[in-house]
Structures are given as C-alpha cells and as structure tokens.
Amino acid sequence: MSAGTPRSPKASPKGRRPFAPLPEWAGPATRLVHAGRRPDLNAGAVVPPLYQTSTFHFPEEHSESAAHGASYLYSRNGNPTVEGAEELLRELEGAEAARLFASGMGAISATLLSLLDSGEEVVAPAGIYGGTAGLLRQVLPRFGIKVREVSDDAAKAPEELFGVSTRLALLETPTNPVLRVHDLKRWAEAAHRHGALVVVDSTIASPVNQNPLALGADLVIHSATKYLGGHADLTAGAVIGPAELLERIDPHQTLGSPLDPFAAFLLHRSLKTLVLRVERSNANARKVVEALAEDPRVLKVHYPGRPSPEEERIAEGQMRGRGGMVSISLKGGASAADRLLGALRIFQVAPSFGGVESLVSLPRTTSHRHLTRADREAQGIDEGFVRLSVGIEEPDDLVRDLTEALARGA
Ligand SMILES: Cc1ncc(COP(=O)(O)O)c(C=O)c1O
C-alpha cells in the first residue's frame with residue numbers, strides 16, 4: 001500500500017439538487033427508463049447507486065426511537081437498490097406495489113403460504129411449471145391446504161371449478177412449455193363471484209405482452225430470471241398488485257427470500273431495455289413459427305393462440321404480442337429431438353428462457369422429467385417435443401440454424 005495523504009472525495013453533497021420528479025405527461029417508454037431513479041447526492045451518479053449492504057446505521061447512535069423512524073435498517077426488510085427495481089415493475093404492470101424475491105419460486109411460495117390458510121383450497125390448471133407443481137403437490141398439503149389441479153381443457157369453464165373453500169386460483173398463461181392460453185377475464189369473473197383471488201404467473205408473456213391486473217387478476221407473478229432479467233445472469237422473482245394484498249405477503253420477509261441488492265441492480269439495468277428486447281423476440285419468434293410450420297419434419301408448432309380459433313380469440317383479446325417462446329413436436333420422436341439439439345449451431349442447449357440468447361431444451365429431460373410419459377403426453381408433451389426460447393439475434397440466422405439442423409438431423 002502506498003503511503004500518502006488520503007484523497008478527499010471529489011464530489012461534495014453541496015450544490016447537488018435532487019432529480020426533478022418525472023412529469024405526469026411522460027409516456028410509458030420514458031417512464032421505464034427513468035422510474036426508480038434515486039438522487040445520488042454524494043457523487044451525482046446518473047445510475048442509481050448499488051447499496052450492497054445488509055444493514056444501515058441508526059440515525060442517532062443506539063437510539064431505538066430513531067431506529068423505528070429510519071427508512072432503512074436491514075436489507076431483508078428493505079433496501080433502496082431493491083426498491084428502485086420494484087418501482088419499475090409497478091410501472092410495467094400499472095400497479096400500486098411490487099415486491100422482489102430471490103427467485104420466481106420464492107415469489108410463488110411466499111404468495112401462496114401467506115394468502116392461504118389450512119382447510120382452504122387452491123385451484124390450478126395442470127399445465128404449470130414443474131417447480132410450482134411440486135409446491136402444490138408436495139408442500140401445501142402438508143399445511144392442510146387443499147389443492148385441486150384441473151386439466152387445461154377443464155380450465156376453459158372456470159365457473160364450474162370453484163367450491164365453498166376455494167380461496168385462490170393460480171394460473172399460468174401462456175403455459176410452459178405447451179403455450180396454451182387461459183381466459184383471464186373469465187377466470188377473474190368466476191373467482192370474484194366466489195370471493196376468491198386470481199394469481200397469474202405471467203412469466204412467459206412478460207409485462208410487454210400481457211398485463212393480467214388490467215384483465216381483472218388480483219396479483220401478477222414473474223420469474224424475473226427470464227425476460228425481466230433478460231441476460232441469463234440473475235435469479236429473481238416478483239409479485240405485483242395492490243398494496244393491501246402485497247402487505248399480506250410476508251411483510252418482513254420472514255420466509256427469508258428477499259432479492260439481493262446486486263441482483264436488483266442488474267435487474268433495474270435490464271428493465272430499461274425490456275420493451276426493445278421483448279418486441280424483438282416477438283418478431284423473431286413469428287418468423288421461426290412461420291418457417292417451422294412449413295417444415296416437413298415438424299408435426300406441430302405450439303405457439304399462443306395456434307391450437308384453436310377459440311384460443312386465438314382469447315390470445316388476441318389479452319396479449320399484445322405472443323412472445324418469444326415456440327415449441328415444436330417432431331415427426332421423428334425422441335431420437336429426432338435429440339439429433340436436432342446436437343445439430344444446432346446458434347441455439348444453445350440450456351433449460352431456462354427469456355434471455356437475449358436463443359436457447360433450446362427438451363422438457364422430457366428437464367422441467368417435466370419427473371412426470372411419467374403418459375402424464376407428459378396428457379399435457380401435450382410428446383416424445384419429439386422441443387422447446388425454443390427465441391432471442392434477439394438476426395431472425396434469418398435463427399431460421400437458418402433451425403432449418404439446417406432439421407435437415408442434418410431430424
Ligand atoms: C413459468 C415459470 N414460473 C416460475 C418459474 C420459477 O422461477 P425461478 O426459476 O426464478 O425460481 C419458472 C422457472 O422456470 C417458470 O418457467
């Protein structure tokens with residue numbers, strides 16, 4: 001270490017003015033870039049500083065009353081970097097409040113464990129993410145919470161599905177990986193008639209393509225690991241909705257899965273480009289769908305709205321774009337699917353989705369490996385089923401990669 005006089009900080013708090021509040025006439029794209037900014041009175045940084053700290057000192061030493069009045073005390077309960085990202089999420093879903101968790105599963109489990117009591121029932125269409133299915137099947141029943149899983153076809157008539165003890169409906173739309181869509185308005189009407197809440201996992205759509213709260217849902221959940229983070233470099237989850245409900249969901253994070261400030265800092269940076277990234281993925285996925293629908297080796301292309309005119313009508317009514325996820329069933333079955341993965345040169349083989357890079361995976365060996373073949377087939381996942389997450393690369397490159405790999409292997 002070199003000796004010498006320590007340099008005094010260049011910036012002085014004096015003379016720095018807080019940012020002006022955003023004008024009320026600022027439009028959505030402007031809000032998304034600027035919401036959640038915090039004045040940095042020390043150095044004047046344009047990007048909100050990263051408060052990578054677990055605790056905050058009391059305003060007056062050892063003063064309990066000062067501690068109670070302080071805005072931040074302990075990062076599990078609240079942290080300015082995390083709150084900055086939460087502000088953008090509120091903006092994106094047009095909501096009063098948002099809460100970030102360490103993962104999508106952290107967000108889902110905190111929500112269900114906080115809102116349901118022993119003896120109450122949750123109803124959920126079956127085509128849901130494997131981790132959520134595990135929570136419903138293995139964890140909630142141990143606390144006396146009843147779980148009613150219904151088929152995606154039965155989910156078309158939600159009016160039939162609410163009993164006296166049903167308190168909450170958990171929907172994933174579009175579903176993962178078959179990309180079916182559930183009618184959110186119809187579910188919300190049916191649930192509210194029975195005094196139940198509707199919680200929607202909208203991860204696959206992202207807030208750019210779908211806003212469940214505007215369609216009557218009570219809460220929206222995202223695995224922010226996917227489109228919101230968007231660069232495959234963080235794990236996070238969000239619950240967004242009215243303040244009154246958010247206050248009931250683990251207010252002191254006693255379930256212990258708050259988002260770490262560094263992940264929140266990365267997330268905040270990513271959210272500024274969410275609209276650009278998702279619109280590009282939407283457009284790229286459309287091209288991939290068109291090309292694969294023409295390919296003789298492809299039995300079926302799964303994409304929101306494609307299964308039937310009825311689902312097309314629902315998707316049209318509740319989604320602005322159809323998203324970047326595309327699944328295909330190959331005529332050649334499991335071996336053709338395995339060969340396709342081996343032959344792709346741009347799509348990387350990895351289980352997640354929603355990032356800038358295109359990924360490919362086989363639900364039969366990843367998210368749905370715990371199900372029997374018959375159970376998978378009941379959900380529409382046949383042996384030749386391949387899931388694609390279409391990124392933001394050149395659309396022609398992605399189509400060429402897929403068609404060449406199909407020609408070489410499948
Ligand atoms: C639709 C959906 N919801 C929730 C999750 C869980 O999110 P996380 O992996 O961030 O815990 C996933 C994960 O893949 C998912 O696909």
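Read the numbers this way: they start at 1 and go in the same order the structure lists the ligands and their atoms. All values below come from the heavy atoms of this structure, side chains included, with hydrogens, waters and symmetry mates left out. All of these numbers come straight from a predicted model, not from anything done at the bench.
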- Answer yes or no: is there an ion pair linking Arg90 with Glu96, defined by an N-O contact shorter than 4.0 Å? no
- Message: Please determine whether the number of non-hydrogen atoms from other residues, nucleotides or ligands lying under 6.0 Å from atom NZ of Lys300 exceeds 12.
- Response: no
- Query: Is the closest basic N to carboxylate O distance between Glu383 and Arg376 below 4.0 Å?
  - Reply: yes
Any protein N or O within less than 3.5 Å of an N or O in ligand 1? List each pair with its distance, or say none.
residue: ligand 1; atom: 3 (N); partner: Asp201; partner atom: OD2; Å: 2.6
residue: ligand 1; atom: 7 (O); partner: Ser223; partner atom: OG; Å: 3.0
residue: ligand 1; atom: 10 (O); partner: Gly104; partner atom: N; Å: 2.8
residue: ligand 1; atom: 10 (O); partner: Ser223; partner atom: OG; Å: 2.8
residue: ligand 1; atom: 10 (O); partner: Thr225; partner atom: OG1; Å: 2.6
residue: ligand 1; atom: 11 (O); partner: Gly104; partner atom: N; Å: 3.0
residue: ligand 1; atom: 11 (O); partner: Met105; partner atom: N; Å: 2.9
residue: ligand 1; atom: 14 (O); partner: Lys226; partner atom: NZ; Å: 2.9
residue: ligand 1; atom: 16 (O); partner: Asn176; partner atom: ND2; Å: 3.1

- Message: Does anything in residues 183-201 form a salt bridge (Lys or Arg N to Asp or Glu O under 4.0 Å)? List the pairs, not counting sequence neighbours.
- Response: Glu159-Arg186
- Count the heavy atoms belonging to other residues, nucleotides or ligands that lie under 6.0 Å from CZ of Phe56, then report whether that count exceeds 12. yes
- Query: Phe162 vs Trp187 aromatic rings, parallel, tilted or perpendicular, using cut-offs 30° and 60°?
  - Reply: perpendicular
